Amino acid sequence: MPKCRKRRICREPDYVIFQSENGLDDVTTLTVDEYEAIRQIDMEGLSQEECAKKMCVARTTAQLIYNSARKKIAESIVLGKSIRIEGGNYILCDGSPCCENCCKSTQPVNYMQKKGENVMRIAVTYENGEVFQHFGRTENFKIYEVENNKIVSSQVMGSNGIGHGALAGLLSGNQIDVLICGGIGGGAQVALANAGITLCSGASGDTDKAVEAYLRGELTSAGATCSHHSREEGHACGNHGCGHH
């Protein structure tokens, strides 16, 4: 694929200053493209090759950007330096073909706004109103915002073309508190736990009813319900059924 003259990023960071106990007298500058490499590889779980494709650079360039960012972060932690994110040779994604599977080119709803202080956000794997039965292959999530144990809003959000454990980064970035799904493998389950997301697997049927059952305390998790991630025809992770109290 043709390379871009500037590194392509999906979005600029929400937070740009990380202050150590030593204050802002000694600051390490992390460029925005270095931040993007860290976000894609360490948070979303992409490979360096996948990151390079999204940033529209050669794989060796993505590796250099990533290694530079990791070294700066390590030095800041060890030496007590603050970090400022700014500058760099980058352009914002416009959803063009050069940025295949970017959030702007595939995500139906821009759902990155911060949630309210007392809001719980629940994501459900989604297809045609039903709980989609394979977490790692879901193309959409239905996102519910809950206040005082009542659903106050819902939106459909695309999965950005990523799958399996990398989806945990997408959900975490959208401040998801709970995931309801059908089948899910052990690796993805660990990734969700590391992201602080509560899992309720083994659900099926209408997504609205599944969330309502969860809020009533009638939905329990089946745990890791998919033992492999084969793409062979006929593989299905559904019909695991949730327990009820």
Side-chain angles (χ1 to χ4, degrees), residues 4-48 50-57 60-95 99 101-105 107 109-121 123 143 145 147 155 157-158 160 162 165-178 191-198:
C4 307
R5 293 183 178 179
K6 294 190 175 184
R7 290 86 183 260
R8 191 179 299 271
I9 69 167
C10 288
R11 56 182 177 269
E12 292 178 317
D14 293 324
Y15 308 99
V16 296
I17 293 288
F18 298 87
Q19 184 172 334
S20 74
E21 294 179 357
N22 296 325
L24 297 174
D25 292 334
D26 194 359
V27 178
T28 295
T29 298
L30 195 72
T31 63
V32 176
D33 46 315
E34 289 173 336
Y35 156 85
E36 181 73 353
I38 290 291
R39 184 185 71 81
Q40 290 192 22
I41 295 172
D42 286 344
M43 193 185 86
E44 292 193 0
L46 301 185
S47 67
Q48 291 184 9
E50 291 170 325
C51 174
K53 191 173 184 180
K54 281 180 171 286
M55 293 184 70
C56 212
V57 298
T60 52
T61 301
Q63 184 179 38
L64 289 172
I65 297 169
Y66 176 70
N67 288 345
S68 173
R70 290 291 296 266
K71 183 176 181 180
K72 289 179 180 180
I73 292 170
E75 286 180 347
S76 296
I77 293 172
V78 173
L79 302 178
K81 296 183 177 182
S82 297
I83 297 175
R84 177 184 289 111
I85 304 173
E86 65 179 6
N89 181 30
Y90 73 93
I91 56 173
L92 285 172
C93 168
D94 58 3
C99 196
N101 289 335
C102 169
C103 54
K104 290 191 178 181
S105 59
Q107 186 166 310
V109 176
N110 181 13
Y111 209 83
M112 294 303 297
Q113 65 267 30
K114 294 180 177 64
K115 64 181 181 180
E117 183 178 352
N118 298 314
V119 171
M120 175 170 64
R121 195 170 279 177
I143 311 297
E145 291 205 335
E147 288 186 82
Q155 298 269 13
M157 179 187 77
N160 293 355
I162 59 178
L167 288 169
L170 175 69
L171 296 176
S172 177
N174 282 278
Q175 296 182 286
I176 301 301
D177 300 294
V178 177
L192 290 167
N194 290 340
I197 298 172
T198 299

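Computation of the quantities below employed the complete heavy-atom set of this structure, encompassing side-chain atoms and omitting hydrogens, waters and symmetry-equivalent molecules. The shown structure was predicted, so the numbers you read here are calculated from the model rather than taken from an experiment.
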In terms of heavy-atom contacts, Ala168 and Ile197 come closest through O-CD1, 4.1 Å
_If you apply the rule side chain to side chain contact (heavy atoms under 4.5 Å, CB included), what do you find for Ile85 with Phe18, and how did you get there?_
CA-CA 9 Å; Ile85 304 173; Phe18 298 87; 3.9 Å; yes
dist Gln63:CD -> Ile41:CD1 (nearest 0.5 Å) comes out at 9.0 Å
To the nearest 0.5 Å, atom NZ of Lys71 lies from atom OH of Tyr66 at 15.0 Å
With sequence neighbours left out, the residues meeting side-chain hydrogen bond (donor to acceptor under 3.5 Å, both in side chains) with Ser47 are Glu50
Taken to the nearest 0.5 Å, the spacing of Leu171 CG from Met157 CE works out to 5.5 Å
All heavy atoms of Ile65 vs all of Ala37, minimum pair found to be CG2-CB, 3.8 Å
Output for pair (Glu147 CD, Glu117 CD), nearest 0.5 Å, gives 10.5 Å
side-chain contact (heavy atoms from CB on, under 4.5 Å) filter on Thr29, not counting sequence neighbours, yields Glu86
Using only atom types and a distance under 3.5 Å, with no angle test, would you say the side chain of Thr31 pairs donor to acceptor with the backbone of Gly88? no
OG (Ser20) and CD1 (Ile83) are apart, to the nearest 0.5 Å, by 9.0 Å
Interatomic distance, CE@Met55 vs NZ@Lys6, rounded to 0.5 Å, equals 13.0 Å
Side chains of Ile9 and Val32: closer than 4.5 Å at any heavy-atom pair?
yes
Check your understanding: Is a side-chain N or O of Ser82 found less than 3.5 angstrom from the main chain of Val27, in a donor-acceptor match?
Key -> no
All heavy atoms of Gly80 vs all of Asn22, minimum pair found to be O-ND2, 3.0 Å
Residues pairing under salt bridge (Lys or Arg N to Asp or Glu O under 4.0 Å) where one sits in residues 33-42, two or more places apart or in two chains, turn out to be Arg7-Asp33, Glu34-Lys72, Glu36-Arg39, Arg39-Glu44, Asp42-Arg70
Closest heavy-atom pair, Ser172 versus Ala195, reported as atoms and distance to 0.1 Å, is CB-CB, 4.1 Å
All heavy atoms of Ala123 vs all of Ile143, minimum pair found to be CB-CD1, 3.6 Å
Asp26 meets the salt bridge (charged side-chain N to carboxylate O under 4.0 Å, His left out) criterion, sequence neighbours left out, with none
For Asp177, the side-chain hydrogen bond (donor to acceptor under 3.5 Å, both in side chains) test, sequence neighbours excluded, returns Lys115
Hits for side-chain hydrogen bond (donor to acceptor under 3.5 Å, both in side chains) against Ser76, two or more places apart or cross-chain, chain-then-number order -> Thr28
Decide yes or no on side chain to side chain contact (heavy atoms under 4.5 Å, CB included) for Asn67 and Leu64, but give the supporting numbers first. CA-CA 5 Å; Asn67 288 345; Leu64 289 172; 5.5 Å; no
